[in-house]
Visitor: 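Take this structure, written in structure tokens, and hold onto it; I'll ask about it next.
Index from 1, following the sequence.
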Amino acid sequence: MVSSNKKEGWKFFFRYIYITLTALMYAVAIALFLNPNQLAPGGVSGIAIILQEVFPVLPGVGMLILIINIPIMILGAWKFGLRFILSTLYTLIISSVLIDILPMVVHMEAVTKDPMLAAVIGGALFGLSMGLMFRMETTTGGMDIIVKIVRQKKPHLKTGQIYLILDVAVLAGSAVAFHNVEVALFAAVAIYVSAAVMDKAIYGGDEATLVYIISNKRKVVAEKMLEELNVGVTMIQGVGAYSEEKTEVIMCVMRKQTLVKVRNLLKEVDSKAFMIISSANEVFGEGFKDHFKAEI
């Protein structure tokens, strides 16, 4: 029992170390790339940047993010329970404090004043940090909680897509607040990059390649795929529309790096084989994603 408790204790400790590092990445993105260049990255952080510009007497961006999140955190506690909110509250407080103190600690207002560089690098760091947080079942609060609620109702929508939809209003607000359409366009680049990187961070490991193979030597091909490449194969019954001859089509799902080996195998066994390749965004089952894994 003691050993089990000790293991859980270490797991808890390293989880919060990981969360702290992702919160630091999030703070770097906002404090040293986006905010100094007046780039509102959408969500609560974007709203905070806009409010700070419109009302300079308000506290720092980090503190504003904390204040705006209070009613949203209450909603999150009601929807997702105390465990989720405790880790989210920790992430929110750490990231908010870091956003306000980082420029003073590093004695630097911004890493770059080039708005395009700031948009791309800041957006990438912003999206990567949020994606990693989501994988650890925590968030920085704000729109993250709203996104989780939407994902429960509309699980077919990807996280980055939902953010993109919600961020349009913030983007329009930044154009008005900064009286500069160009700034809003650079902010749009940051939002697009962050959405793409976030989806990659969350779903990248779940992507695979779906392959259909039509071959006169399908039995040999299937056997070699099973034995030599260790790739699961399903034989689908098919009928040629012109010849009306019955045949079997090989269907298999594999990791992208295995595709080259399959192509080499076909060159060797049947160079005239017909192969269709497409992407499988998510795959559930043995060797891929668990059916019972909590969805983000």
Side-chain angles (χ1 to χ4, degrees), residues 23 25-69 71-72 92 95-96 98-100 102-103 108-131 133-134 139-148 150-151 157-202:
M25 188 189 303
Y26 176 86
V28 167
I30 293 176
L32 301 180
F33 286 95
L34 302 175
N35 186 36
N37 289 280
Q38 299 181 321
L39 302 178
V44 169
S45 54
I47 293 170
I49 290 172
I50 291 169
L51 286 175
Q52 229 279 323
E53 172 67 20
V54 177
F55 307 104
V57 294
L58 291 175
V61 169
M63 187 56 64
L64 280 174
I65 291 172
L66 200 57
I67 293 168
I68 295 169
N69 266 290
I72 301 174
L92 172 62
S95 59
S96 297
L98 286 171
I99 287 169
D100 284 344
L102 262 177
M108 184 188 299
E109 183 185 345
V111 172
T112 178
K113 279 294 186 179
D114 184 315
M116 181 56 79
L117 270 178
V120 173
I121 299 173
L125 288 173
F126 187 84
L128 178 60
S129 62
M130 288 198 295
M133 287 176 193
F134 270 55
T139 73
T140 55
M143 290 297 182
D144 302 346
I145 291 175
I146 304 300
V147 167
K148 280 186 75 73
V150 174
R151 278 278 293 163
L157 292 177
K158 284 196 171 185
T159 303
Q161 293 172 340
I162 302 170
Y163 271 103
L164 212 52
I165 294 167
L166 294 174
D167 289 340
V168 170
V170 177
L171 202 59
S174 71
V176 175
F178 294 110
H179 307 290
N180 191 336
V181 175
E182 193 174 79
V183 166
L185 292 175
F186 282 120
V189 172
I191 290 171
Y192 178 81
V193 170
S194 67
V197 172
M198 188 194 312
D199 276 346
K200 197 68 178 175
I202 297 172

Visitor: Hey, what do you get for CE (M130) to CE (M25), rounding to the nearest 0.5 Å?
Guide: 12.0 Å
Visitor: Just how far is it from atom CD1 of I30 to atom OG of S96, taken to the nearest 0.5 Å?
Guide: 8.5 Å
Visitor: Are side-chain heavy atoms of I99 and N35 found at a separation under 4.5 Å?
Guide: no
Visitor: Taking only residues two or more places apart in sequence or in another chain, which ones pass side-chain contact (heavy atoms from CB on, under 4.5 Å) with A110?
Guide: P36, K113
Visitor: May I have the list of side-chain donor-acceptor pairs in residues 54-67 shorter than 3.5 Å, sequence neighbours left out?
Guide:
none

Visitor: Who pairs with V111 by side-chain contact (heavy atoms from CB on, under 4.5 Å), at least two apart in sequence or on another chain?
Guide: L32, F33, M108
Visitor: Using a 3.5 Å cut-off and no angle test, enumerate the donor-acceptor pairs between side-chain atoms of residues 173-189 and protein atoms at least two apart in sequence or in another chain.
Guide:
unit_1: S174; atom_1: OG; unit_2: L171; atom_2: O; d: 2.7
unit_1: H179; atom_1: ND1; unit_2: V176; atom_2: O; d: 3.3
unit_1: N180; atom_1: OD1; unit_2: E182; atom_2: N; d: 2.9
unit_1: N180; atom_1: OD1; unit_2: V183; atom_2: N; d: 3.3

Visitor: Looking at N37 and T112, what are the two nearest heavy atoms and their distance?
Guide: ND2-O, 3.1 Å
Visitor: With a 3.5 Å cut-off and sequence neighbours excluded, list the donor-acceptor pairs that the side chains of residues 116-129 form with protein atoms.
Guide:
unit_1: S129; atom_1: OG; unit_2: L125; atom_2: O; d: 3.0
unit_1: S129; atom_1: OG; unit_2: F126; atom_2: O; d: 2.8

Visitor: Do you know which two heavy atoms are closest between P41 and I49, and how far apart they sit?
Guide: CD-CD1, 3.6 Å
